[in-house]
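To start, the structure under review is shown below, and the notes come after it.
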Amino acid sequence: MTDKLRLRFAPSPTGALHIGGARTALYNWLAARHEGGELVLRIEDTDHERSTAENVEQILDALRWLELDWDEGPVSQAGRAPAHALALARLLESGAAYRDSATAKDVEAWKAEHGAGSGYRGTPTEEPGAAIRLRVPDEGETVVEDLLRGPVAFPNRSYDDFVIARGDGSVLYNFAVAVDDAEMGITEVVRGDDHLSNTPKQLLVLAALGHEPPRYAHLPLLHGPDGKKLSKRHGAASVQELRDAGYLPAAVRNYLALLGWGTDDDTTLMPTAELVARFRVEDVGRAAAIFDEKKLRWLNGRFMRELPLDDYTAAVARHLGREPDEQLRAACEIAQEKAQTLEEVWPLIRFLFEPPVDDPKAWAKVMKEGAGELLAAAASALEPVDPFEPAAIEAALAPVLDRFDVKAGKLYQPIRVAITGSSVSPGIFESLAVLGRERSLQRIGAAVERLSTGQLDV
RNA sequence: GCCGCUAUCGUCUAGGGGACUAGGACGCCGGAUUCUCAGUCCGGAAACCGGGGUUCGAAUCCCCGUAGCGGUACCA
(Lines give C-alpha, C1' and ligand atoms only; values in the text may rest on other atoms or scores of the structure.)
Protein backbone atom coordinates (compact mmCIF):
# COMPACT_ATOMS: atom_id res chain seq x y z
CA MET A 1 0.00 0.00 0.00
CA THR A 2 1.54 3.20 -1.13
CA ASP A 3 -1.67 5.02 -0.30
CA LYS A 4 -1.32 7.70 2.25
CA LEU A 5 -3.15 6.64 5.38
CA ARG A 6 -6.52 8.31 5.62
CA LEU A 7 -8.74 7.69 8.61
CA ARG A 8 -12.03 9.00 9.75
CA PHE A 9 -13.84 9.47 13.00
CA ALA A 10 -17.56 9.30 12.37
CA PRO A 11 -19.72 9.89 15.42
CA SER A 12 -23.47 10.11 15.26
CA PRO A 13 -24.79 13.20 17.01
CA THR A 14 -27.43 11.51 19.08
CA GLY A 15 -25.97 12.62 22.38
CA ALA A 16 -22.82 13.87 24.06
CA LEU A 17 -19.54 12.17 23.22
CA HIS A 18 -19.01 9.51 25.86
CA ILE A 19 -15.70 7.99 26.81
CA GLY A 20 -16.06 5.07 24.44
CA GLY A 21 -16.49 7.45 21.53
CA ALA A 22 -13.65 9.54 22.85
CA ARG A 23 -11.38 6.54 22.85
CA THR A 24 -12.32 5.68 19.29
CA ALA A 25 -11.57 9.26 18.31
CA LEU A 26 -8.25 9.09 20.14
CA TYR A 27 -7.20 5.84 18.48
CA ASN A 28 -8.03 7.22 15.06
CA TRP A 29 -6.12 10.38 15.87
CA LEU A 30 -3.11 8.48 17.23
CA ALA A 31 -3.06 6.17 14.20
CA ALA A 32 -3.21 9.13 11.83
CA ARG A 33 -0.57 11.15 13.64
CA HIS A 34 1.69 8.16 14.06
CA GLU A 35 1.85 7.62 10.30
CA GLY A 36 1.56 11.21 9.24
CA GLY A 37 -1.81 10.36 7.72
CA GLU A 38 -4.98 12.36 7.53
CA LEU A 39 -7.98 12.35 9.80
CA VAL A 40 -11.41 13.24 8.53
CA LEU A 41 -14.26 14.11 10.85
CA ARG A 42 -17.60 13.00 9.51
CA ILE A 43 -20.88 13.49 11.31
CA GLU A 44 -23.27 10.60 10.74
CA ASP A 45 -26.46 12.57 10.85
CA THR A 46 -28.68 10.70 8.43
CA ASP A 47 -31.13 10.01 11.24
CA HIS A 48 -32.97 13.32 11.26
CA GLU A 49 -35.09 12.27 14.19
CA ARG A 50 -32.24 11.94 16.63
CA SER A 51 -29.50 14.14 15.26
CA THR A 52 -29.40 17.67 16.58
CA ALA A 53 -27.16 20.66 16.03
CA GLU A 54 -26.57 20.95 19.77
CA ASN A 55 -25.23 17.43 19.86
CA VAL A 56 -22.89 18.15 16.97
CA GLU A 57 -21.59 21.18 18.84
CA GLN A 58 -21.13 19.11 21.98
CA ILE A 59 -19.07 16.56 20.10
CA LEU A 60 -16.87 19.21 18.54
CA ASP A 61 -16.49 20.83 21.93
CA ALA A 62 -15.43 17.50 23.45
CA LEU A 63 -12.87 16.85 20.72
CA ARG A 64 -11.43 20.34 21.08
CA TRP A 65 -11.12 19.95 24.81
CA LEU A 66 -9.34 16.64 24.31
CA GLU A 67 -7.08 18.51 21.88
CA LEU A 68 -7.74 16.02 19.11
CA ASP A 69 -7.64 17.91 15.84
CA TRP A 70 -8.76 16.79 12.41
CA ASP A 71 -7.58 17.62 8.92
CA GLU A 72 -10.87 17.68 7.11
CA GLY A 73 -14.48 18.28 8.03
CA PRO A 74 -16.70 18.14 9.88
CA VAL A 75 -18.47 16.66 6.89
CA SER A 76 -22.18 16.19 7.26
CA GLN A 77 -23.23 12.81 6.01
CA ALA A 78 -26.73 14.11 5.38
CA GLY A 79 -25.14 16.77 3.23
CA ARG A 80 -23.83 14.09 0.93
CA ALA A 81 -27.35 13.03 -0.04
CA PRO A 82 -26.81 13.81 -3.75
CA ALA A 83 -23.82 11.48 -3.88
CA HIS A 84 -25.83 8.80 -2.11
CA ALA A 85 -28.69 9.22 -4.56
CA LEU A 86 -26.28 8.74 -7.44
CA ALA A 87 -24.85 5.54 -6.00
CA LEU A 88 -28.34 4.32 -5.25
CA ALA A 89 -29.41 4.88 -8.86
CA ARG A 90 -26.44 2.87 -10.06
CA LEU A 91 -27.40 -0.09 -7.92
CA LEU A 92 -31.02 0.08 -9.03
CA GLU A 93 -29.81 0.29 -12.59
CA SER A 94 -27.53 -2.72 -12.34
CA GLY A 95 -30.11 -4.75 -10.49
CA ALA A 96 -27.92 -5.07 -7.41
CA ALA A 97 -30.71 -3.36 -5.50
CA TYR A 98 -34.46 -3.45 -5.91
CA ARG A 99 -37.64 -1.92 -4.58
CA ASP A 100 -39.65 -4.06 -2.23
CA SER A 101 -42.90 -3.09 -0.58
CA ALA A 102 -42.54 -5.50 2.34
CA THR A 103 -42.92 -4.03 5.80
CA ALA A 104 -41.08 -5.13 8.91
CA LYS A 105 -44.06 -7.33 9.73
CA ASP A 106 -43.92 -8.95 6.32
CA VAL A 107 -40.25 -9.71 6.80
CA GLU A 108 -40.98 -11.28 10.16
CA ALA A 109 -43.65 -13.47 8.63
CA TRP A 110 -41.32 -14.47 5.83
CA LYS A 111 -38.69 -15.55 8.32
CA ALA A 112 -41.16 -17.52 10.40
CA GLU A 113 -41.86 -19.48 7.25
CA HIS A 114 -38.31 -19.93 6.02
CA GLY A 115 -36.51 -20.65 9.27
CA ALA A 116 -34.48 -18.46 11.59
CA GLY A 117 -31.19 -19.04 9.84
CA SER A 118 -32.25 -17.55 6.55
CA GLY A 119 -32.00 -13.94 5.60
CA TYR A 120 -35.05 -12.32 4.08
CA ARG A 121 -35.30 -12.25 0.30
CA GLY A 122 -37.88 -9.88 -1.15
CA THR A 123 -39.92 -9.51 -4.27
CA PRO A 124 -39.07 -6.67 -6.66
CA THR A 125 -41.87 -4.21 -7.29
CA GLU A 126 -42.37 -1.07 -9.32
CA GLU A 127 -44.25 0.60 -6.53
CA PRO A 128 -42.65 4.06 -6.18
CA GLY A 129 -42.92 4.40 -2.39
CA ALA A 130 -41.33 1.06 -1.63
CA ALA A 131 -38.06 0.77 0.28
CA ILE A 132 -34.90 -0.22 -1.55
CA ARG A 133 -33.06 -3.37 -0.59
CA LEU A 134 -29.67 -4.70 -1.56
CA ARG A 135 -29.59 -8.15 -3.12
CA VAL A 136 -27.55 -10.45 -0.88
CA PRO A 137 -26.27 -13.73 -2.34
CA ASP A 138 -27.61 -16.95 -0.85
CA GLU A 139 -24.37 -18.79 -1.23
CA GLY A 140 -20.89 -18.15 0.01
CA GLU A 141 -19.62 -15.95 2.77
CA THR A 142 -18.34 -12.46 3.19
CA VAL A 143 -15.03 -12.16 4.97
CA VAL A 144 -13.94 -9.17 7.00
CA GLU A 145 -10.18 -8.93 7.18
CA ASP A 146 -9.92 -7.38 10.60
CA LEU A 147 -6.62 -5.86 11.67
CA LEU A 148 -7.09 -7.10 15.22
CA ARG A 149 -8.52 -10.58 14.72
CA GLY A 150 -7.65 -11.67 11.24
CA PRO A 151 -10.31 -12.94 8.86
CA VAL A 152 -13.84 -13.16 10.23
CA ALA A 153 -16.28 -15.00 7.98
CA PHE A 154 -20.02 -14.40 7.87
CA PRO A 155 -22.37 -16.65 5.89
CA ASN A 156 -24.24 -14.57 3.33
CA ARG A 157 -27.47 -16.42 3.82
CA SER A 158 -27.70 -15.21 7.41
CA TYR A 159 -28.12 -11.65 6.14
CA ASP A 160 -31.37 -10.15 4.93
CA ASP A 161 -31.64 -8.33 1.67
CA PHE A 162 -31.32 -5.27 3.86
CA VAL A 163 -32.89 -1.89 3.31
CA ILE A 164 -30.40 0.66 2.03
CA ALA A 165 -32.87 3.48 1.39
CA ARG A 166 -36.29 4.42 2.66
CA GLY A 167 -39.25 4.81 0.41
CA ASP A 168 -38.63 8.54 0.23
CA GLY A 169 -35.13 7.96 -1.09
CA SER A 170 -33.24 8.86 2.09
CA VAL A 171 -30.43 6.41 2.66
CA LEU A 172 -29.61 4.24 5.65
CA TYR A 173 -26.46 3.90 7.66
CA ASN A 174 -24.83 0.80 6.21
CA PHE A 175 -25.23 2.17 2.73
CA ALA A 176 -24.15 5.74 3.46
CA VAL A 177 -21.09 4.62 5.39
CA ALA A 178 -19.88 2.34 2.63
CA VAL A 179 -20.38 4.98 -0.05
CA ASP A 180 -18.77 7.72 2.01
CA ASP A 181 -15.76 5.70 3.10
CA ALA A 182 -15.11 4.79 -0.52
CA GLU A 183 -15.73 8.19 -2.06
CA MET A 184 -13.83 10.02 0.65
CA GLY A 185 -10.81 7.85 0.05
CA ILE A 186 -10.70 6.34 3.51
CA THR A 187 -7.96 3.69 3.69
CA GLU A 188 -8.49 2.47 7.23
CA VAL A 189 -11.65 2.28 9.27
CA VAL A 190 -11.06 2.18 13.02
CA ARG A 191 -14.32 1.90 14.93
CA GLY A 192 -16.11 0.01 17.66
CA ASP A 193 -16.67 -3.70 17.78
CA ASP A 194 -20.39 -3.13 17.55
CA HIS A 195 -19.91 -2.55 13.84
CA LEU A 196 -18.19 -5.86 13.12
CA SER A 197 -21.38 -7.74 12.25
CA ASN A 198 -22.49 -4.85 10.05
CA THR A 199 -19.28 -4.80 8.09
CA PRO A 200 -20.31 -7.59 5.69
CA LYS A 201 -23.25 -5.42 4.65
CA GLN A 202 -20.92 -2.57 3.89
CA LEU A 203 -18.60 -4.91 2.05
CA LEU A 204 -21.53 -6.09 -0.03
CA VAL A 205 -22.47 -2.51 -0.91
CA LEU A 206 -18.87 -1.74 -1.80
CA ALA A 207 -18.66 -4.80 -4.02
CA ALA A 208 -21.93 -3.96 -5.78
CA LEU A 209 -20.56 -0.50 -6.46
CA GLY A 210 -17.22 -1.82 -7.60
CA HIS A 211 -15.24 -0.11 -4.86
CA GLU A 212 -12.14 -1.45 -3.16
CA PRO A 213 -12.88 -1.78 0.57
CA PRO A 214 -10.77 -0.01 3.19
CA ARG A 215 -8.95 -1.96 5.87
CA TYR A 216 -10.90 -2.45 9.07
CA ALA A 217 -9.96 -2.51 12.71
CA HIS A 218 -12.78 -3.16 15.15
CA LEU A 219 -11.96 -2.04 18.63
CA PRO A 220 -13.27 -3.93 21.62
CA LEU A 221 -16.04 -2.03 23.31
CA LEU A 222 -15.70 -0.11 26.50
CA HIS A 223 -18.04 -1.35 29.17
CA GLY A 224 -19.52 0.42 32.13
CA PRO A 225 -19.10 -0.92 35.65
CA ASP A 226 -22.13 -3.10 34.95
CA GLY A 227 -20.26 -4.85 32.16
CA LYS A 228 -22.57 -3.57 29.45
CA LYS A 229 -21.73 -1.59 26.39
CA LEU A 230 -21.23 2.02 27.26
CA SER A 231 -23.89 4.25 25.81
CA LYS A 232 -25.44 7.60 26.33
CA ARG A 233 -28.56 6.23 27.93
CA HIS A 234 -26.14 4.61 30.31
CA GLY A 235 -25.47 7.95 31.87
CA ALA A 236 -21.90 6.96 31.14
CA ALA A 237 -19.28 9.58 31.74
CA SER A 238 -19.28 12.04 28.90
CA VAL A 239 -16.16 13.94 28.00
CA GLN A 240 -17.69 17.07 29.47
CA GLU A 241 -18.21 15.30 32.76
CA LEU A 242 -14.54 14.38 32.86
CA ARG A 243 -13.64 17.98 32.28
CA ASP A 244 -15.97 19.16 35.03
CA ALA A 245 -14.56 16.57 37.41
CA GLY A 246 -11.22 18.31 37.03
CA TYR A 247 -9.23 15.98 34.83
CA LEU A 248 -6.51 17.18 32.50
CA PRO A 249 -6.89 16.43 28.78
CA ALA A 250 -3.41 14.93 28.60
CA ALA A 251 -4.19 12.57 31.47
CA VAL A 252 -7.46 11.54 29.88
CA ARG A 253 -5.66 10.82 26.62
CA ASN A 254 -3.08 8.73 28.42
CA TYR A 255 -5.71 6.80 30.36
CA LEU A 256 -7.98 6.22 27.38
CA ALA A 257 -5.05 5.04 25.28
CA LEU A 258 -4.31 2.40 27.89
CA LEU A 259 -7.85 1.06 27.86
CA GLY A 260 -7.41 -1.79 25.46
CA TRP A 261 -3.86 -1.08 24.50
CA GLY A 262 -0.62 -1.61 26.37
CA THR A 263 3.09 -1.57 25.70
CA ASP A 264 5.24 -4.63 26.04
CA ASP A 265 7.46 -2.91 28.56
CA ASP A 266 4.53 -1.99 30.78
CA THR A 267 4.99 1.76 30.47
CA THR A 268 2.00 3.42 32.06
CA LEU A 269 2.72 7.11 32.22
CA MET A 270 3.03 8.54 28.73
CA PRO A 271 2.90 12.06 27.45
CA THR A 272 0.91 12.41 24.25
CA ALA A 273 4.01 12.60 22.05
CA GLU A 274 5.05 9.18 23.31
CA LEU A 275 1.55 7.84 22.73
CA VAL A 276 1.77 9.02 19.13
CA ALA A 277 5.20 7.49 18.71
CA ARG A 278 4.28 4.10 20.13
CA PHE A 279 0.66 3.53 19.24
CA ARG A 280 -0.27 0.96 16.61
CA VAL A 281 -3.86 -0.12 16.03
CA GLU A 282 -2.83 -3.68 15.41
CA ASP A 283 -1.48 -3.83 18.96
CA VAL A 284 -4.86 -3.11 20.48
CA GLY A 285 -6.28 -5.97 22.53
CA ARG A 286 -9.41 -7.88 21.62
CA ALA A 287 -11.31 -8.02 24.90
CA ALA A 288 -13.69 -5.37 26.16
CA ALA A 289 -12.38 -3.13 28.92
CA ILE A 290 -14.13 -1.55 31.85
CA PHE A 291 -13.69 2.12 32.58
CA ASP A 292 -12.13 2.53 36.03
CA GLU A 293 -12.00 6.06 37.31
CA LYS A 294 -9.57 5.28 40.14
CA LYS A 295 -6.69 4.78 37.79
CA LEU A 296 -7.60 7.91 35.88
CA ARG A 297 -7.44 9.84 39.17
CA TRP A 298 -3.98 8.53 39.91
CA LEU A 299 -2.75 9.26 36.41
CA ASN A 300 -4.25 12.72 36.57
CA GLY A 301 -2.46 13.42 39.83
CA ARG A 302 0.82 12.48 38.20
CA PHE A 303 0.21 14.85 35.32
CA MET A 304 -0.87 17.64 37.66
CA ARG A 305 2.26 17.39 39.76
CA GLU A 306 4.48 17.51 36.73
CA LEU A 307 2.92 20.65 35.32
CA PRO A 308 5.04 23.84 35.41
CA LEU A 309 3.56 26.18 38.03
CA ASP A 310 2.32 28.70 35.47
CA ASP A 311 0.48 26.01 33.50
CA TYR A 312 -0.85 24.56 36.70
CA THR A 313 -2.12 27.96 37.81
CA ALA A 314 -3.72 28.54 34.43
CA ALA A 315 -5.50 25.18 34.57
CA VAL A 316 -6.77 25.81 38.08
CA ALA A 317 -7.88 29.33 37.14
CA ARG A 318 -9.82 28.03 34.16
CA HIS A 319 -11.46 25.38 36.28
CA LEU A 320 -12.44 27.82 39.02
CA GLY A 321 -13.39 30.60 36.68
CA ARG A 322 -10.85 32.90 38.29
CA GLU A 323 -7.97 35.01 37.08
CA PRO A 324 -4.53 33.38 37.17
CA ASP A 325 -3.15 36.23 39.28
CA GLU A 326 -0.25 36.28 41.74
CA GLN A 327 -2.45 35.35 44.64
CA LEU A 328 -3.74 32.26 42.89
CA ARG A 329 -0.27 31.38 41.77
CA ALA A 330 1.02 31.50 45.34
CA ALA A 331 -1.90 29.36 46.47
CA CYS A 332 -1.29 26.83 43.70
CA GLU A 333 2.34 26.57 44.59
CA ILE A 334 1.59 25.16 48.02
CA ALA A 335 -1.28 22.96 46.86
CA GLN A 336 0.19 21.39 43.74
CA GLU A 337 1.67 18.37 45.48
CA LYS A 338 -1.58 17.51 47.15
CA ALA A 339 -4.38 17.46 44.60
CA GLN A 340 -5.24 14.68 42.19
CA THR A 341 -7.78 16.66 40.22
CA LEU A 342 -8.40 20.35 39.57
CA GLU A 343 -11.60 19.95 41.53
CA GLU A 344 -9.64 19.10 44.66
CA VAL A 345 -7.58 22.27 44.63
CA TRP A 346 -10.15 24.75 45.90
CA PRO A 347 -10.82 23.11 49.28
CA LEU A 348 -7.08 23.28 49.94
CA ILE A 349 -6.61 26.94 49.08
CA ARG A 350 -9.98 28.37 49.94
CA PHE A 351 -8.74 29.76 53.26
CA LEU A 352 -6.51 32.15 51.35
CA PHE A 353 -9.48 33.75 49.64
CA GLU A 354 -12.25 33.48 52.19
CA PRO A 355 -12.65 33.43 55.99
CA PRO A 356 -12.02 30.06 57.64
CA VAL A 357 -14.77 27.54 57.03
CA ASP A 358 -16.90 26.46 59.94
CA ASP A 359 -16.19 22.80 60.62
CA PRO A 360 -17.36 21.84 64.11
CA LYS A 361 -15.86 18.37 63.85
CA ALA A 362 -12.41 19.70 63.04
CA TRP A 363 -12.65 22.19 65.86
CA ALA A 364 -13.80 19.65 68.40
CA LYS A 365 -11.06 17.26 67.41
CA VAL A 366 -8.09 19.53 68.00
CA MET A 367 -9.20 22.38 70.23
CA LYS A 368 -8.73 20.40 73.41
CA GLU A 369 -7.52 21.59 76.78
CA GLY A 370 -4.37 23.65 76.56
CA ALA A 371 -4.99 24.53 72.94
CA GLY A 372 -5.76 28.15 73.77
CA GLU A 373 -2.54 28.56 75.67
CA LEU A 374 -0.53 26.99 72.89
CA LEU A 375 -2.15 29.17 70.27
CA ALA A 376 -1.50 32.29 72.30
CA ALA A 377 2.14 31.30 72.62
CA ALA A 378 2.33 30.57 68.92
CA ALA A 379 0.91 33.98 68.14
CA SER A 380 3.54 35.69 70.27
CA ALA A 381 6.24 33.63 68.64
CA LEU A 382 5.02 34.52 65.15
CA GLU A 383 4.63 38.21 65.83
CA PRO A 384 8.25 39.22 65.24
CA VAL A 385 9.04 36.76 62.44
CA ASP A 386 10.57 38.57 59.51
CA PRO A 387 10.59 37.73 56.71
CA PHE A 388 7.36 35.82 57.19
CA GLU A 389 8.49 32.74 55.32
CA PRO A 390 8.17 28.99 55.88
CA ALA A 391 11.66 28.35 57.24
CA ALA A 392 11.56 31.32 59.58
CA ILE A 393 8.09 30.38 60.76
CA GLU A 394 9.16 26.85 61.52
CA ALA A 395 12.18 28.13 63.44
CA ALA A 396 10.02 30.49 65.47
CA LEU A 397 7.52 27.80 66.38
CA ALA A 398 10.06 25.17 67.42
CA PRO A 399 10.78 26.75 70.85
CA VAL A 400 7.06 26.70 71.65
CA LEU A 401 7.08 22.95 71.16
CA ASP A 402 9.97 22.61 73.61
CA ARG A 403 8.55 25.00 76.16
CA PHE A 404 5.26 23.13 76.41
CA ASP A 405 6.90 19.80 75.76
CA VAL A 406 4.28 18.69 73.25
CA LYS A 407 4.44 16.76 70.03
CA ALA A 408 4.34 18.77 66.84
CA GLY A 409 0.80 17.81 65.97
CA LYS A 410 -0.47 19.22 69.26
CA LEU A 411 0.52 22.66 68.15
CA TYR A 412 0.20 22.53 64.39
CA GLN A 413 -3.29 21.07 64.20
CA PRO A 414 -4.87 23.82 66.31
CA ILE A 415 -3.06 26.40 64.20
CA ARG A 416 -4.35 24.73 61.06
CA VAL A 417 -7.91 24.78 62.29
CA ALA A 418 -7.52 28.36 63.49
CA ILE A 419 -6.38 29.69 60.13
CA THR A 420 -8.35 27.44 57.76
CA GLY A 421 -11.22 26.13 59.84
CA SER A 422 -10.39 22.70 58.48
CA SER A 423 -8.15 19.90 59.69
CA VAL A 424 -6.83 19.47 56.15
CA SER A 425 -4.62 21.98 54.41
CA PRO A 426 -1.28 22.37 52.68
CA GLY A 427 1.84 22.32 54.87
CA ILE A 428 1.29 24.48 57.93
CA PHE A 429 4.37 26.71 57.51
CA GLU A 430 3.63 27.34 53.86
CA SER A 431 0.00 28.00 54.65
CA LEU A 432 0.91 30.58 57.30
CA ALA A 433 3.43 32.22 55.02
CA VAL A 434 1.06 32.66 52.11
CA LEU A 435 -1.77 33.77 54.38
CA GLY A 436 0.56 36.45 55.72
CA ARG A 437 1.44 37.61 59.18
CA GLU A 438 -1.50 39.91 59.67
CA ARG A 439 -4.27 37.54 58.73
CA SER A 440 -2.56 34.62 60.44
CA LEU A 441 -2.28 36.45 63.76
CA GLN A 442 -5.80 37.72 63.42
CA ARG A 443 -7.24 34.26 62.88
CA ILE A 444 -5.17 32.68 65.64
CA GLY A 445 -6.24 35.50 67.92
CA ALA A 446 -9.87 34.89 67.08
CA ALA A 447 -9.49 31.23 67.91
CA VAL A 448 -7.85 32.03 71.26
CA GLU A 449 -10.69 34.38 72.00
CA ARG A 450 -13.29 31.80 71.12
CA LEU A 451 -11.59 29.23 73.32
CA SER A 452 -11.29 31.56 76.30
CA THR A 453 -14.99 32.35 76.24
CA GLY A 454 -15.53 28.70 76.93
CA GLN A 455 -16.97 27.78 73.59
CA LEU A 456 -15.66 24.27 73.56
CA ASP A 457 -18.09 23.10 70.93
CA VAL A 458 -18.95 19.47 70.74
C1' G B 1 -33.79 -17.91 17.95
C1' C B 2 -29.92 -16.91 14.27
C1' C B 3 -24.92 -14.77 13.10
C1' G B 4 -20.43 -13.11 15.26
C1' C B 5 -16.73 -11.57 18.91
C1' U B 6 -14.32 -12.28 23.59
C1' A B 7 -12.32 -14.90 28.10
C1' U B 8 -4.82 -13.86 32.79
C1' C B 9 -5.19 -10.73 39.96
C1' G B 10 -11.26 -6.51 42.02
C1' U B 11 -9.71 -3.17 37.46
C1' C B 12 -6.22 -2.02 33.07
C1' U B 13 -2.70 -5.23 31.17
C1' A B 14 2.43 -8.23 29.92
C1' G B 15 3.10 -12.86 28.19
C1' G B 16 1.98 -15.93 21.46
C1' G B 17 4.69 -23.87 23.38
C1' G B 18 9.93 -24.62 27.71
C1' A B 19 12.85 -18.13 30.36
C1' C B 20 6.05 -18.67 34.63
C1' U B 21 7.32 -20.62 41.86
C1' A B 22 2.66 -16.13 35.76
C1' G B 23 5.48 -9.81 35.46
C1' G B 24 3.84 -4.47 35.84
C1' A B 25 0.24 -0.55 37.00
C1' C B 26 -4.29 1.24 39.66
C1' G B 27 -6.98 -0.10 43.85
C1' C B 28 -6.72 -2.71 48.60
C1' C B 29 -3.93 -4.12 53.34
C1' G B 30 0.54 -3.13 56.56
C1' G B 31 4.94 -0.12 57.66
C1' A B 32 8.07 4.42 57.05
C1' U B 33 8.24 9.86 56.08
C1' U B 34 8.14 12.25 64.93
C1' C B 35 2.24 18.70 61.16
C1' U B 36 -3.15 16.98 58.79
C1' C B 37 -4.56 15.26 54.14
C1' A B 38 -2.39 14.01 49.76
C1' G B 39 2.15 12.54 47.81
C1' U B 40 6.57 9.60 48.09
C1' C B 41 9.27 5.07 49.67
C1' C B 42 9.21 -0.11 51.44
C1' G B 43 6.49 -4.71 52.18
C1' G B 44 1.97 -7.90 51.46
C1' A B 45 -2.56 -10.39 49.77
C1' A B 46 -4.55 -11.12 44.90
C1' A B 47 -5.43 -14.23 38.38
C1' C B 48 -4.36 -18.10 33.59
C1' C B 49 -13.43 -19.71 33.06
C1' G B 50 -14.35 -25.48 32.82
C1' G B 51 -13.48 -30.09 30.19
C1' G B 52 -11.17 -32.71 26.49
C1' G B 53 -7.31 -33.08 22.99
C1' U B 54 -2.20 -31.99 20.23
C1' U B 55 2.82 -32.17 22.43
C1' C B 56 8.34 -34.75 25.90
C1' G B 57 6.11 -30.02 27.61
C1' A B 58 0.29 -25.49 27.22
C1' A B 59 -1.64 -19.34 30.26
C1' U B 60 0.10 -19.85 25.22
C1' C B 61 -2.30 -24.26 19.62
C1' C B 62 -7.20 -27.15 18.45
C1' C B 63 -12.24 -28.79 19.85
C1' C B 64 -16.49 -28.73 22.99
C1' G B 65 -18.95 -26.42 26.91
C1' U B 66 -19.98 -22.17 29.93
C1' A B 67 -20.29 -17.10 30.62
C1' G B 68 -20.17 -12.11 28.96
C1' C B 69 -20.81 -8.86 25.02
C1' G B 70 -22.24 -7.21 20.08
C1' G B 71 -25.26 -7.56 15.69
C1' U B 72 -29.73 -9.23 13.82
C1' A B 73 -34.33 -1.72 12.36
C1' C B 74 -37.32 1.83 6.46
C1' C B 75 -31.26 3.66 14.20
C1' A B 76 -26.33 4.89 13.95
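Lettering follows sequence order; numbering is per chain, from 1.
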| query | How are the rings of F279(A) and Y27(A) set relative to one another: parallel (under 30°), tilted (30 to 60°) or perpendicular (over 60°)? | reply |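 Tilted.
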| query | The side chain of D264(A) lies closest to which of these nucleotides: G27(B), G15(B), C35(B)? | reply | G15(B)
| Nucleotide nearest D292(A) when distance is taken to its side chain, options G71(B), U11(B), G39(B) | U11(B)
Remember a base hit wins even if backbone is also touched, and classify [X] as base, sugar-phosphate or nothing at under 4.0 Å, heavy atoms.
{"X": "D168(A)", "result": "nothing"}
{"X": "G117(A)", "result": "sugar-phosphate"}
{"X": "T268(A)", "result": "sugar-phosphate"}
{"X": "G427(A)", "result": "base"}
{"X": "A131(A)", "result": "base"}
{"X": "L259(A)", "result": "sugar-phosphate"}
{"X": "Y255(A)", "result": "nothing"}
{"X": "R297(A)", "result": "nothing"}
{"X": "F154(A)", "result": "sugar-phosphate"}

| message | Taking 4.0 Å as the cut-off, does a side-chain nitrogen or oxygen of R302(A) come that near to OP1 or OP2 on A25(B)? | response |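 Checking R302(A) against A25(B): no side-chain N or O falls below 4.0 Å of OP1 or OP2.
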| request: Just do the ring-ring contact (aromatic ring centres under 6.0 Å, His included) check on F429(A) and Y412(A) with the steps written out, would you? | output: CA-CA 9 Å; F429(A) 312 123; Y412(A) 299 150; 5.2 Å; yes
| query | Is the closest side-chain donor-acceptor distance between N156(A) and T142(A) under 3.5 Å? | reply |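 Yes, because at least one side-chain N or O of N156(A) sits under 3.5 Å from a partner of the opposite role on T142(A).
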| task | In whole angstrom, give me the gap between the P atoms of A25(B) and C42(B). | result | 10 Å
| Is there a donor and acceptor pair closer than 3.5 Å between the side chain of R416(A) and the base of C35(B)? |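 Indeed there is one.
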| Is there a donor on the side chain of N198(A) or the base of G71(B) sitting less than 3.5 Å from an acceptor on the other? | no
| request: Check the geometry between H195(A) and G71(B) and answer yes if their rings are stacked (centres below 5.5 Å, planes below 30°), otherwise no. | output: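 No, H195(A) does not stack on the base of G71(B), since the centre distance and plane angle fail the 5.5 Å and 30° test.
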| message | Reading RNA chain B from 5' onward, which residue's closest nucleotide shows up sooner: Y412(A) or K294(A)? | response |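 That would be K294(A).
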| Charged N to carboxylate O below 4.0 Å: is that the case for R133(A) and D100(A)? | yes
